[in-house]
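Below: the structure, in structure tokens.
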Number of protein chains: 2
Amino acid sequence: MLTIQQKRVLDFIRAFIHRHGHSPSLREIGEGIDIQSRGAVHRHVQTLIGRGVLKRTRSGWRTLELVETDEASSSLPLLGKIAAGRPIEAIPGHDEVNIAEMLLGEERYVLQIEGDSMIDAGILDGDLVVIQHTDTANDGEIVVALIDNQEATLKRLFHLSGRRIKLVAENHKLSPLIYPADRVRIQGVLTGQLRSYR
Amino acid sequence: MLTIQQKRVLDFIRAFIHRHGHSPSLREIGEGIDIQSRGAVHRHVQTLIGRGVLKRTRSGWRTLELVETDEASSSLPLLGKIAAGRPIEAIPGHDEVNIAEMLLGEERYVLQIEGDSMIDAGILDGDLVVIQHTDTANDGEIVVALIDNQEATLKRLFHLSGRRIKLVAENHKLSPLIYPADRVRIQGVLTGQLRSYR
DNA sequence: CTTGAAAGTTCTCAAAAAGTTCACTATCCT
DNA sequence: AGGATAGTGAACTTTTTGAGAACTTTCAAG
């Protein structure tokens with residue numbers, strides 16, 4: 001396990017290589033994470049090499065390389081934020097996302113979406129959604145609702161006065177539906193969504 | 001069983017690691033659960049280590065780790081398809097999705113999306129996208145493109161005649177941009193997208 | 001091939017941050 | 001009363017870190 005500074009160094013190197021195509025110098029690392037002493041940076045780098053997450057391909061300048069750690073873990077490096085018109089911007093303190101940890105949980109299951117009824121919420125036809133099993137939900141949450149014990153739908157939920165429930169499809173072409181509360185049973189709440197391309 | 005305080009300590013550590021990616025210091029634990037004395041926190045931590053729910057990977061700072069009781073796999077049950085107006089329909093032959101397997105891969109990394117430029121493709125502000133590192137892409141694919149070695153953007157790519165490249169933001173309010181091919185460098189291709197609610 | 005700047009390496013010193021131990025005290029429960 | 005649980009604060013040890021200086025190696029221009 002790395003210390004915080006070691007992580008910062010590794011993080012910086014990863015981002016630098018990704019951006020410039022080559023390894024940074026010790027001085028550049030120092031500037032990037034605000035350390036004056038090249039010696040201190042060197043010690044961090046040596047430690048990282050010792051831990052096996054970095055290597056120097058040969059002696060020389062700018063020869064640091066990341067060791068591809070293809071652990072069978074559920075993590076991917078998180079390089080930063082992307083927005084039109086600016087370079088990728090690092091997110092301090094976060095260098096990894098654990099996908100499994102984000103989406104997995106007790107009493108959860110996956111459904112595949114058919115149709116465009118949630119398209120305005122960024123949920124497209126064919127997407128997978130992760131549902132947390134529960135029979136209660138707060139206003140504004142997206143739920144799996146069973147109507148008359150027959151139709152299951154994924155809709156945004158609102159409680160109205162007079163024990164009525166409004167179910168809103170996130171598609172501007174579709175109108176909200178209002179039911180008496182006893183015709184609607186909540187089966188779960190949306191906790192995640194994922195999509196796979198090509 | 002654990003006492004109430006021990007449980008609070010454990011819960012705090014779990015949440016902290018989940019949030020920061022590394023273990024908290026004793027002082028931080030103390031601040032988190034409102035104990036002034038590092039000594040008292042230390043005693044709790046030692047007890048938890050004794051009970052086997054925590055461990056210290058090595059001597060040093062911030063080296064606490066949770067002992068994982070139930071091995072978290074990366075799968076969730078796939079119950080079926082959901083569409084408005086019909087019961088949940090089972091998908092024959094599929095009863096499980098392995099989330100890690102879907103999204104992980106060699107040379108992939110994650111970016112967080114900032115802004116609404118891909119909203120029509122179902123990619124919202126704050127979403128995470130999984131990028132496969134590559135310097136080539138096919139027409140119609142969504143890519144991370146670096147323009148003039150400066151601006152990084154996520155756009156849909158099309159090759160035009162005359163060594164020009166069209167980058168299309170998936171937002172009906174934004175117009176496509178056309179560049180000569182030598183100003184655009186492809187850094188990766190979109191392979192996945194995920195979002196976490198509440 | 002020489003030369004000098006840039007980069008990497010090695011070292012000592014000091015300080016800050018974190019972990020450990022301990023004596024004393026307080027509260028709750030039986 | 002007595003034990004379990006808990007908190008405080010001080011003293012102490014260990015680990016991590018940065019600064020800076022001196023040294024060696026690399027690389028390319030001339």
Side-chain angles (χ1 to χ4, degrees), chain A residues 1-67 90 92-96, chain B residues 1-67:
Chain A
M1 193 176 178
L2 303 177
T3 67
I4 294 182
Q5 280 299 78
Q6 287 159 15
K7 270 178 97 164
R8 285 184 68 203
V9 171
L10 183 60
D11 211 5
F12 178 85
I13 294 173
R14 189 184 343 231
F16 192 101
I17 291 178
H18 182 260
R19 203 149 137 203
H20 295 86
H22 58 79
S23 142
S25 69
L26 293 185
R27 177 187 300 277
E28 285 165 339
I29 296 172
E31 281 165 4
I33 63 174
D34 214 41
I35 296 176
Q36 272 66 51
S37 159
R38 291 212 304 299
V41 174
H42 180 253
R43 180 153 20 87
H44 286 310
V45 168
Q46 287 306 305
T47 309
L48 290 171
I49 290 174
R51 293 278 159 88
V53 294
L54 268 186
K55 66 181 173 192
R56 234 179 237 291
T57 37
R58 53 188 175 85
S59 70
W61 300 351
R62 301 176 183 280
T63 53
L64 290 174
E65 264 188 25
L66 297 173
V67 172
H94 288 83
D95 59 348
E96 241 187 17
Chain B
M1 253 327 268
L2 303 178
T3 67
I4 295 179
Q5 280 299 78
Q6 286 160 14
K7 210 165 147 53
R8 285 184 69 202
V9 170
L10 184 60
D11 286 344
F12 178 84
I13 294 173
R14 182 179 296 127
F16 192 101
I17 291 179
H18 183 262
R19 193 141 149 222
H20 295 88
H22 57 78
S23 140
S25 67
L26 293 185
R27 177 188 300 276
E28 286 165 339
I29 297 172
E31 280 166 5
I33 62 174
D34 215 41
I35 294 176
Q36 272 67 51
S37 159
R38 292 212 302 299
V41 175
H42 180 252
R43 180 151 26 84
H44 286 311
V45 168
Q46 287 306 306
T47 310
L48 289 170
I49 290 174
R51 295 279 163 88
V53 294
L54 268 186
K55 66 180 174 192
R56 235 179 236 290
T57 36
R58 55 190 172 85
S59 73
W61 303 352
R62 301 175 183 277
T63 54
L64 292 174
E65 263 187 25
L66 298 173
V67 174

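Everything quoted here is computed from the prediction, not taken from an experiment. We name chains A, B, ... by the order of the sequence lines, and we start the count at 1 in each one.
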For C:dT20 and B:His42 - does any side-chain N or O of the residue sit under 4.0 Å from the phosphate oxygens OP1/OP2?
yes
B:Asp11 with B:Arg14: basic N within carboxylate O range, under 4.0 Å:
yes
Any B:Thr3 side-chain N or O less than 4.0 Å from OP1/OP2 of D:dA6:
yes
Below 4.0 Å: OP1/OP2 of C:dA6 and any side-chain N or O of A:Ser25
no
Any donor-acceptor pair, under 3.5 Å, between the side chain of B:Arg38 and the base of C:dG19, if you only look at N and O atoms?
yes
Between A:Arg56 and A:Trp61, whichever has its closest DNA chain C nucleotide further toward 5' is A:Trp61
Please check: side-chain N/O of A:Thr57 versus main-chain N/O of A:Thr63, any donor-acceptor pairing under 3.5 Å?
yes
Hey, does the side chain of B:Gln36 come within less than 4.0 Å of D:dT8's phosphate (OP1/OP2), counting only N and O?
yes
Any base atoms under 4.0 Å from B:Gln6, or only sugar-phosphate, or nothing? Heavy atoms, all strands.
sugar-phosphate
Testing C:dT20, C:dG8, D:dG9 for proximity to the side chain of B:Ser37, the answer is D:dG9
Any side-chain N or O of B:Arg43 below 4.0 angstrom from OP1/OP2 of D:dG7?
no
So A:Arg58, base contact, sugar-phosphate only, or nothing? Heavy-atom distance under 4.0 Å.
sugar-phosphate
Heavy-atom count around B:Arg27 CZ within 6.0 Å, excluding the residue itself: above 12?
no
